[in-house]
Student: 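Handing you a structure now.
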Amino acid sequence: MTTTKITTLFLDIGGVLLTNGWGRDSRKRAAEQFKLDFTEMDERHHLTFDTYESGKLGLDEYLHRVVFHESRPFSLEDFKTFMLEQSQPYPEMIELIKKLKARHGIKTVAVNNEGRELSHYRVQKYFLDGFIDFFVTSCYVHLRKPDQDIYRMALDIAKALPAETLYIDDRLLFVEVARGLGIESIHHKTYETTKTALASYGLTA
């Protein structure tokens, strides 16, 4: 625990502020809804999703590789609509970050892995750009967590020192990587545990 004042918050989005954009549970629901072989779809997903999140593949092309590599009785647009609708907010966490930003004047930076179309939809749908200053998102910077360089880039963009930065993520590995760079970090599990952890850094709403 540092005694240095925190000036910057690094925030994961999926799993912290919103549900995951296209996680395993969402893919299972899609397989059930559209009567797809989940095992085959999931294998194809894992073989190509990193490329999509890195901004080197569009959503349509990703879906052609994973779902529409053969004829389907439903449209690409129907599937995309279902896919986007899987995103839901965690209102308590969103309100907490808004209050912390207003009260403490901290910079807020999204550091997350997401594909371009999903990211755009989620930012616009839930007005994330109303309280997040910068988006260091994999699809834009062509780096994905846990690559250390995405954290270094976020520090450079925010003009923040690691010891003055606090990172919140629900994935322990990503938290460990950030800590390895000297970034103070919270492993997000629940709203209450994260709120308590933030307070230990002097960040109370």
Side-chain angles (χ1 to χ4, degrees), residues 10-91 93-94 97-98 108-147 149-151 153-154 157-158 167-171 174 188:
F10 282 1
L11 301 162
D12 183 37
I13 293 179
V16 177
L17 301 178
L18 310 176
T19 58
N20 287 317
W22 188 232
R24 184 177 178 84
D25 288 344
S26 296
R27 298 195 302 278
K28 278 188 172 181
R29 286 192 291 271
E32 292 170 4
Q33 174 74 16
F34 294 97
K35 297 178 173 55
L36 299 169
D37 180 337
F38 174 73
T39 300
E40 181 198 18
M41 176 179 136
D42 204 46
E43 181 181 0
R44 297 179 75 96
H45 163 84
H46 284 294
L47 289 171
T48 199
F49 196 61
D50 289 3
T51 311
Y52 172 57
E53 282 195 331
S54 298
K56 299 175 182 178
L57 193 69
L59 181 57
D60 286 5
E61 191 171 357
Y62 160 79
L63 289 175
H64 277 295
R65 291 185 182 186
V66 174
V67 177
F68 293 94
H69 53 287
E70 58 183 80
S71 179
R72 301 295 185 187
F74 50 87
S75 72
L76 177 66
E77 290 307 314
D78 286 344
F79 194 90
K80 283 198 293 186
T81 296
F82 180 91
M83 186 178 184
L84 295 174
E85 288 174 350
Q86 300 310 298
S87 294
Q88 298 296 321
Y90 293 128
M93 281 302 300
I94 290 174
I97 301 303
K98 286 180 177 179
T108 49
V109 184
V111 184
N112 66 310
N113 294 342
E114 261 181 8
R116 183 178 293 267
E117 293 86 348
L118 275 172
S119 177
H120 178 77
Y121 171 83
R122 284 151 68 83
V123 169
Q124 298 299 312
K125 174 74 174 179
Y126 297 108
F127 307 103
L128 302 184
D129 52 352
F131 63 95
I132 295 177
D133 298 314
F134 312 108
F135 289 84
V136 183
T137 302
S138 59
C139 62
Y140 303 128
V141 301
H142 309 305
L143 295 166
R144 296 178 73 253
K145 297 181 295 185
D147 190 328
D149 283 348
I150 194 170
Y151 301 94
M153 179 179 288
I157 291 171
Y167 174 53
I168 304 172
D169 201 306
D170 65 312
R171 295 182 185 268
F174 297 167
H188 175 73

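For reference, positions follow the sequence shown, starting with 1.
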Student: Mind checking what makes ring pair (Phe, Tyr, Trp, His ring centres under 6.0 Å) contact with Y90, not counting sequence neighbours?
Tutor: none
Student: What salt bridge (Lys or Arg N to Asp or Glu O under 4.0 Å) pairs are there with at least one residue in residues 117-140, not counting sequence neighbours?
Tutor: K101-D133, E114-R122
Student: Does H45, at its NE2 atom, have more than 12 non-hydrogen atoms belonging to other residues, nucleotides or ligands within less than 6.0 Å?
Tutor: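 Count over threshold, so yes.
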Student: Can you name the residues that form a side chain to side chain donor-acceptor pair (under 3.5 Å) with E40, not counting sequence neighbours?
Tutor: H69
Student: Decide yes or no for M83 and L118: does some side-chain heavy atom of the first lie under 4.5 Å from some side-chain heavy atom of the second?
Tutor: yes
Student: Does the plane of the ring in F79 sit parallel, tilted or perpendicular to the ring in F68? Use 30° and 60° as the thresholds.
Tutor: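 Because their plane-to-plane angle is over 60°, the rings of F79 and F68 count as perpendicular.
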Student: Can you sort out the partners of F127 under ring pair (Phe, Tyr, Trp, His ring centres under 6.0 Å), two or more places apart, ordered by chain and number?
Tutor: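 With sequence neighbours excluded, F127 shows a ring pair (Phe, Tyr, Trp, His ring centres under 6.0 Å) to no residue whatsoever.
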Student: For F38 versus A31, what's the shortest heavy-atom pair and its separation?
Tutor: CB-CB, 3.8 Å
Student: Can you list the residues that meet the side-chain contact (heavy atoms from CB on, under 4.5 Å) rule with S75, with sequence neighbours excluded?
Tutor: E77, D78
Student: Decide yes or no on side-chain hydrogen bond (donor to acceptor under 3.5 Å, both in side chains) for R29 and S26, but give the supporting numbers first.
Tutor: CA-CA 5 Å; R29 286 192 291 271; S26 296; 3.3 Å; yes
Student: Could you give all pairs that pass the salt bridge (Lys or Arg N to Asp or Glu O under 4.0 Å) test and reach residues 48-74, with sequence neighbours left out?
Tutor: D50-R144, E53-R144, D60-K80, E61-R65, E70-R72
Student: What residues, two or more places apart in sequence or in another chain, satisfy salt bridge (charged side-chain N to carboxylate O under 4.0 Å, His left out) together with D42?
Tutor: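 So D42 forms a salt bridge (charged side-chain N to carboxylate O under 4.0 Å, His left out) with R24, R27.
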Student: Among all residues two or more places apart in sequence or in another chain, which pass the salt bridge (charged side-chain N to carboxylate O under 4.0 Å, His left out) test with R171?
Tutor: none
Student: Taking all non-hydrogen atoms of both residues, which atom of D37 and which atom of T39 are closest, and how far apart?
Tutor: OD1-N, 3.1 Å
Student: Of all the heavy-atom pairs spanning L36 and A30, show the shortest one and how long it is.
Tutor: CD1-O, 4.4 Å
Student: Who passes side-chain contact (heavy atoms from CB on, under 4.5 Å) against E85, sequence neighbours left out?
Tutor: T81
Student: Evaluate V111 against F174 for side-chain contact (heavy atoms from CB on, under 4.5 Å), listing each step before the verdict.
Tutor: CA-CA 10 Å; V111 184; F174 297 167; over 6 Å; no
Student: Heavy atoms only: give me the nearest K145-I150 pair and the separation to one decimal.
Tutor: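 Reported closest heavy-atom pair: CG-CG2, 3.7 Å.
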Student: Where do I97 and L11 land on the side-chain contact (heavy atoms from CB on, under 4.5 Å) test, with the steps shown first?
Tutor: CA-CA 9 Å; I97 301 303; L11 301 162; 3.8 Å; yes
Student: Using every non-hydrogen atom in the two residues, find where C139 and S119 come nearest and quote the distance to one decimal.
Tutor: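 Here C139 and S119 meet closest at SG-CB, 4.4 Å.
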Student: Under the ring pair (Phe, Tyr, Trp, His ring centres under 6.0 Å) rule, collect the residues that match up with Y52, sequence neighbours excluded.
Tutor: F49, Y62
Student: If every non-hydrogen atom of V16 is compared with every non-hydrogen atom of D170, which pair is closest and at what distance?
Tutor: CG2-N, 3.8 Å
Student: Please list, chain by chain and in numerical order, all residues satisfying side-chain contact (heavy atoms from CB on, under 4.5 Å) with L128, sequence neighbours excluded.
Tutor: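 Scan of L128 (side-chain contact (heavy atoms from CB on, under 4.5 Å), adjacent residues dropped) gives I13, L18, V123, Y126, F131, I132, F135.
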Student: Does F134 have its ring centroid less than 6.0 Å away from the ring centroid of F10?
Tutor: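 For F134 and F10, the ring centres are not under 6.0 Å apart.
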Student: For the side chain to side chain donor-acceptor pair (under 3.5 Å) test, which of D12, D169, T137 pairs with N112?
Tutor: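 Only one option passes, and that is T137.
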Student: Quick one: list whatever passes salt bridge (charged side-chain N to carboxylate O under 4.0 Å, His left out) with D147, sequence neighbours left out.
Tutor: none
